[in-house]
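Report on the structure given below.
What's counted below: heavy atoms across the whole structure, side chains too, no hydrogens, waters or symmetry copies. So that the names make sense, note that chain A is the first sequence line, chain B the second, and so on, each numbered from 1.
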Amino acid sequence: MSDLTKLTLKAAVDGLKARDFSSEEITRAFLANIETANPRLNAYVLPTADKALDMARAADARLAKGEGGPLEGAPLGVKDLFCTDGVQTTAGSNMLKGFVPPYESTVTANLWRDGAVMLGKLNMDEFAMGSSNETSAFGPVVNPWKSGVSNADLTPGGSSGGSASAVAGDLCLAATASDTGGSIRQPAAFTGTVGVKPTYGRASRFGMVAFASSLDQAGPITKTVEDAAILLRSMCSFDPKDSTSLDVETPDWSQSLGKSVKGLRIGIPNEYVVDGMPAEQMELWEKGQAWLREAGAEIVEISLPHTKYALPAYYIIAPAEASSNLARYDGMRFGHRAAEAKSLTDLYETSRAEGFGKEVQRRLTIGAYVLSAGFYDAYYVRALKVRRRIAEDFDKVWDRVDAILTPSTPSAAFAIGDRQIDPVTMYLNDVFTVTANLAGLPGISVPAGLDKAGLPLGLQVIGKALDEATVFQVAGALEDAAGFVARPEKWW
Amino acid sequence: MAVDVATVRRVAHLARIKTPEERLEPLAQELNGILAWIEQLNEVDVEGVEPMTSNVHQPLRLRDDVVTDGNKVADVLSNAPKSADGFFVVPKVVE
Amino acid sequence: MTDKTFTIQGRTGPWELVMGLEIHAQVASRAKLFSGAAVGFGAGPNEQVSLVDAGFPGMLPVLNKFCVEQAVRTGLGLNAQINRRSQFDRKNYFYPDLPTGYQISQLFYPIVGEGVVEVEAEDGSFFNVGIERLHLEQDAGKLIHDLSPTESYVDLNRAGTALMEIVSRPDIRSPDEAVAYVKKIRTILIYLGTCDGDMEKGNLRADVNVSVCRPGQYEKFKDTGDFSHLGTRCEIKNVNSFRFINQAINYEARRQIEILEDGGTVDQETRLYDPTAGETRSMRSKEEAMDYRYFPDPDLLPLELEQAWIDEIRASLPELPDEKRRRFMSQYGLSQYDAGVLISEQAKADWFEAAAKGRDAKLVSNWVTNELSARLAADGSDFADCKLPPAYVAELVELIETNVISSKIAKEVFDHVWNGEGSPAQVVEKHGLKQVTDTGAIEKAVDDIIAANPDKAAAVAEKPQAVGWFVGQVMKATGGKANPAVVNEILKAKLGL
Ligand SMILES: [Mg+2]
Ligand SMILES: [Zn+2]
């Protein structure tokens with residue numbers, strides 16, 4: 001039999017249903033890949049082989065009876081941000097090393113309901129704060145892709161770097177991820193995979209370790225747009241346990257695929273041209289426009305004038321929310337507690353200084369600062385007003401366009417260690433993705449080409465709130481036109 | 001609004017993160033770098049704009065007053081660094 | 001007003017007090033404000049705790065509808081503005097009884113806005129206290145300090161319980177007024193059924209903001225709204241009895257006056273009242289670097305109320321203490337004082353009304369507020385679980401009204417009734433306590449006593465008041481059953497008065 005780990009989620013699910021192979025077989029194949037690759041790629045912080053095999057056998061039993069859900073027997077990876085009942089959940093932090101939740105996140109519960117098998121927990125930037133997976137307490141994740149010009153280890157992006165690397169490196173069929181400012185779409189772009197952030201409120205945040213509550217959304221990283229449609233459908237649900245969860249139906253988005261984009265109006269925001277963007281990324285964006293035009297879509301130039309303020313606003317709002325969300329990590333009820341402390345205050349301060357890494361500390365400090373007396377209005381409230389301006393920018397164009405096409409990132413994957421000197425340079429990675437988080441809109445990154453060095457580049461499609469259908473439709477057309485088949489060469 | 005060492009010390013304490021004296025100056029510089037970049041928000045005309053706290057345009061859902069949870073002391077204490085007799089145990093709190 | 005303003009005489013002259021109160025009232029709900037764990041008293045440590053209350057990663061708040069309803073109900077009972085749109089905010093601080101590191105409260109947009117409460121002072125006059133706001137918030141957990149010498153124990157059973165914080169305007173001017181205000185709020189809450197008012201269990205606590213100023217300053221503040229005319233205030237946290245409220249304010253005012261008269265300045269701070277030492281002391285540990293960094297809770301959305309629902313709640317409000325007092329005065333002809341005593345507890349008022357039907361209301365009121373109240377108090381019980389049927393007091397009063405028994409004998413009858421010997425009529429029958437109105441029998445007793453005490457009978461001519469002695473003797477001789485009016489009549493005739 002050919003290599004099962006190279007299958008798409010769709011093909012695997014069909015093969016399992018047809019009993020061409022068993023869930024145990026494909027699960028073992030992935031576990032074998034993980035064993036070889038993980039020492040180099042560091043995508044998993046915790047492979048859960050025994051659990052995976054138990055789940056696979058249970059899936060096989062259901063499949064044998066002709067039963068089973070839409071993901072029955074499919075081995076997936078889970079970003080270590082999702083709490084998994086009885087399985088350590090760390091959010092990539094020393095703070096939560098050894099933390100075993102006695103509960104399951106709604107998103108992962110939905111996957112198990114649909115028959116998926118958990119291969120393990122995937123590495124990530126600490127508390128999802130990062131764009132290169134270098135802030136993880138478990139060490140950086142390595143991108144399976146290598147540049148043609150250097151042998152340096154590249155970052156898979158972040159914060160869902162483990163998810164992206166695992167999917168690109170055939171260490172799972174697909175993976176869950178989360179996106180606060182671009183943490184699904186940017187790593188997907190860096191690894192030649194597909195990443196979707198749905199409309200805010202589609203996926204429950206219950207049981208997902210919070211970074212910035214008003215921005216966090218779960219979504220999938222997969223090999224194809226169709227896989228993304230399938231996995232996202234399983235992940236999303238209305239959840240009464242999350243007050244921001246939308247009480248809406250979850251459609252079958254795979255129905256949108258293959259549908260012609262003829263007549264669709266695609267917006268091209270001229271503010272998404274940024275200084276220093278490589279020519280190949282610019283060319284790819286133009287190519288994307290040409291593909292869609294050829295497929296019958298109308299290309300419309302639009303303006304989203306507040307785009308450049310999205311990142312600075314994000315770097316007030318997200319740290320502010322995080323500074324409060326992460327206050328619960330105090331060493332009192334769970335998580336790291338300093339061994340020695342002179343007083344209660346000292347225990348708080350030492351536990352948190354030891355438990356949190358540098359980037360998390362930096363953001364918590366910014367967050368506390370922008371909310372503190374005298375600065376609240378000048379920073380936080382102003383950022384919230386700018387956020388509305390950004391959302392209004394989108395509102396104003398929706399009567400003229402059905403979706404928006406942009407580059408996913410300003411560049412291809414960079415080498416680990418390259419951008420650690422200056423935090424702001426690192427933050428600029430999310431310049432194209434963060435607007436969708438602030439406005440709560442769905443966005444997808446589709447691999448569309450390679451740069452000069454042979455590294456993947458992605459295109460992003462942003463849609464109206466709750467209109468993932470059009471986003472998938474356009475993404476499917478781009479995928480077809482791009483014919484992106486490049487795979488990283490196995491070097492591990 | 002440049003941040004000085006004293007401010008960093010105060011904010012680090014607010015955030016309950018022990019920050020050694022020698023880290024304060026570099027941290028102040030980092031924060032100033034980020035804040036300087038954030039300053040560009042002052043260019044935006046936000047006159048009369050309502051702050052946007054959420055993307056969700058629906059009223060808050062309410063649940064019924066029914067006891068559906070609790071009685072799980074073992075779960076509640078399962079990850080406690082220290083517990084005894086059903087309580088979390090923390091260093092002496094002086095009021 | 002000014003002439004009876006409460007003052008404290010200092011070394012350098014008189015001082016006045018200005019107080020605003022924050023009352024925390026626990027909502028009488030089954031489950032917590034944002035989680036499905038039970039609210040209650042007496043469970044084992046951490047038994048009434050969900051992972052939401054314990055602040056576990058990924059746990060999210062979902063608002064309890066009943067608690068919202070109770071806040072609206074209370075707001076309506078305080079004659080206050082109900083805000084159709086409100087919002088929950090996070091108040092951030094670190095403390096081991098606060099699992100998430102923030103309290104969910106309502107700073108910027110509370111559910112209830114301005115209102116006013118009419119309070120009756122000791123002397124029967126009324127004063128108004130402005131309500132600034134009422135908001136919903138979570139309670140914290142409990143720290144136990146006496147289980148270990150070196151460590152504190154944390155019980156989160158209370159964490160997340162719904163509280164209504166009722167914030168008054170600085171309209172309270174004396175310790176007595178402060179107590180009367182808290183009593184009034186407590187009565188309203190109990191009438192509304194939104195809080196059980198149990199101060200011993202901590203279900204109703206008051207934070208008292210106290211400042212002192214020179215006469216005339218308060219008026220300037222009232223005219224301008226400028227707080228700089230007033231002194232610096234200190235907040236005394238969590239005072240949980242009426243007596244302590246009084247003591248704490250007195251102590252704190254004198255402490256501030258002493259500082260000011262010594263040329264010092266009062267530091268604005270949070271203080272704790274220590275009832276054992278009878279003093280307030282600074283809570284520096286909680287005070288240091290208090291910067292709560294309030295911001296809207298991103299896990300929740302704005303709370304929007306339908307006007308129809310508010311109207312429905314309004315329509316379901318019971319008769320409130322003020323209305324009831326006015327009605328008792330007009331319907332039953334009771335004095336303000338008597339009506340006030342009766343309405344101070346809803347159960348007492350209800351009990352009174354059940355007994356007063358068709359009877360002399362003043363007489364019923366006396367029985368309810370004196371005899372019955374005393375018995376219940378002695379048993380540590382109250383009107384809410386009073387076993388005595390109101391019909392019995394009605395019957396007792398009827399027996400008095402119809403001269404079947406005297407008021408004096410009625411006390412004895414009540415004793416027997418209280419001991420469960422049946423209705424007043426049954427007791428009178430069983431113990432033969434009917435009043436003797438048979439003049440023959442009384443005359444005979446009178447004659448016997450006059451005959452046995454000729455000297456006293458002679459003296460009565462000069463000292464008519466001494467007839468009282470004869471009345472007493474006759475009553476004694478008839479076992480107290482003689483009708484006192486008849487006895488008087490006959491004595492006067494026989495003694496030639
Ligand atoms: Mg308060
Ligand atoms: Zn409060």
Side chain, backbone, both or neither of [X] within contact of chain C (heavy atoms, under 4.5 Å):
{"X": "A:L344", "result": "side chain"}
{"X": "A:A368", "result": "both"}
{"X": "A:N325", "result": "both"}
{"X": "A:F206", "result": "both"}
{"X": "A:F82", "result": "neither"}
{"X": "A:S372", "result": "both"}
{"X": "A:P240", "result": "backbone"}

*Distance-only polar pair, side chains of A:R328 and C:Y102, donor-acceptor under 3.5 Å*: yes

_Pair C:R90-A:S324, side-chain donor/acceptor within less than 3.5 Å_ = yes

_Atom group of C:F34 that falls short of 4.5 Å from chain A, counting heavy atoms_ = neither

*Between CG on residue C:L60 and NZ on residue A:K241, distance to nearest 0.5 Å*: 10.0 Å

*Rounded to the nearest 0.5 Å, what's the gap from CG on C:D297 to OG on A:S213? Could you check?*
7.0 Å

_Atom CD of residue position C:Q307 - does it have more than 12 heavy atoms of other residues, nucleotides or ligands inside 6.0 Å?_
yes

*More than 12 non-hydrogen atoms from neighbouring residues, nucleotides or ligands closer than 6.0 Å to CZ on C:R158, yes or no?*
yes

Under 4.5 Å between any side-chain heavy atoms of [X] and [Y], yes or no?
{"X": "C:V154", "Y": "A:M332", "value": "no"}
{"X": "C:R293", "Y": "A:Y380", "value": "no"}
{"X": "A:T244", "Y": "C:D299", "value": "no"}

*asked:* As an exercise: rank C:P99, C:P96, C:A54, C:G36 by heavy-atom pairs under 4.5 Å with chain A and give me the winner.
replied: C:P99

*Aromatic centroids of C:F56 and A:F334 separated by under 6.0 Å*: yes

*Under the ring-ring contact (aromatic ring centres under 6.0 Å, His included) rule, what do C:F295 and A:Y379 come out as? Steps first, then yes or no, please.*
CA-CA 12 Å; C:F295 76 108; A:Y379 285 115; over 10 Å; no

*Work out which heavy atom in A:F99 is nearest to a heavy atom in C:P57; give both atom names and the distance.*
CZ-CD, 3.6 Å

*Contact leader toward chain C among A:G207, A:S243, A:S323, A:C83, where contacts are heavy-atom pairs under 4.5 Å*: A:S243

*asked:* Going by ring-ring contact (aromatic ring centres under 6.0 Å, His included), A:Y376 matches just one of C:Y294, C:Y292, C:F108. Which one?
replied: C:F108

